[in-house]
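To find a chain, count down the sequence lines: A is the first, B the second, and so on, and within it residues start at 1. Values reported hereafter were calculated over all heavy atoms of this structure, with side chains retained and with hydrogens, waters and symmetry mates removed.
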Amino acid sequence: AQSVTQLGSHVSVSEGALVLLRCNYSSSVPPYLFWYVQYPNQGLQLLLKYTTGATLVKGINGFEAEFKKSETSFHLTKPSAHMSDAAEYFCADEKLTFGTGTRLTIIP
Amino acid sequence: DSGVTQTPKHLITATGQRVTLRCSPRSGDLSVYWYQQSLDQGLQFLIQYYNGEERAKGNILERFSAQQFPDLHSELNLSSLELGDSALYFCASSVAWGDSYEQYFGPGTRLTVT
């Protein structure tokens, strides 16, 4: 069965520092992968998605993710964290399987 | 604002009761999904409808049921409620049901069972 695994339930970074949130997938065929963000007391919002083609995917709010088949990974990055990035982030696949989420805290 | 609406926003009820959660998808979206989010189980996919037909089923209990109406709004019915059913219930919609279509989530209904 396909699944996604998020490493690290909590990540803290300083404002202006690199954000790296990890997601690994298990699939024998190239999957479709998504990153969603959930701000407090809100629903999930799509950040970006990988379908086919370019392995570096750019999303909203300065986030991007790189699909690496050799590592079965789809990690989310942002070069410089902003206070407004504090939220919970979910990786998901096309089978509607969501990771357990990573709560990102930004340290002023 | 995703364009997906859910009512009510909050619901408090007692064990053994039955409740109905309502979702209106974005204009033009034919597919509706229901999810349960709780602290211990995370975000769990429950069920998906496409243009009135059930398309996929996830971890939905037999006490729960859903339907999508001709006007494309959907309802999730939860019966014989237990304390463990307390959670956030999200509805999402997408244009179609293919694998690559992103979902747009509503703000959720917070259900508290006492």
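None of Phe34(A), Phe74(A), Phe67(A) except one satisfies the ring-ring contact (aromatic ring centres under 6.0 Å, His included) rule with Tyr25(A); the exception is Phe67(A).
Contact detail for Ser93(B) and Asp29(B): the closest heavy-atom pair is OG-OD2, 2.7 Å.
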* Hey, mind stepping through Glu53(B) and Asn51(B) against side chain to side chain contact (heavy atoms under 4.5 Å, CB included) and telling me if it holds? -> CA-CA 6 Å; Glu53(B) 301 283 331; Asn51(B) 204 20; 5.9 Å; no
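Top candidate by heavy-atom pairs under 4.5 Å with chain B, chosen from Gln38(A), Gln42(A), Gln45(A), is Gln38(A). Each of Gly43(A), Ala92(A), Gly101(A), Gly99(A) has some count of heavy-atom pairs under 4.5 Å with chain B, and the biggest count is that of Gly43(A). With chain A as partner, the option from Gln6(B), Gln41(B), Gln37(B) having the largest number of non-hydrogen pairs under 4.5 angstrom is Gln37(B).
In Asp71(B), the CG atom is crowded: over 12 heavy atoms of neighbouring residues, nucleotides or ligands sit closer than 6.0 Å.
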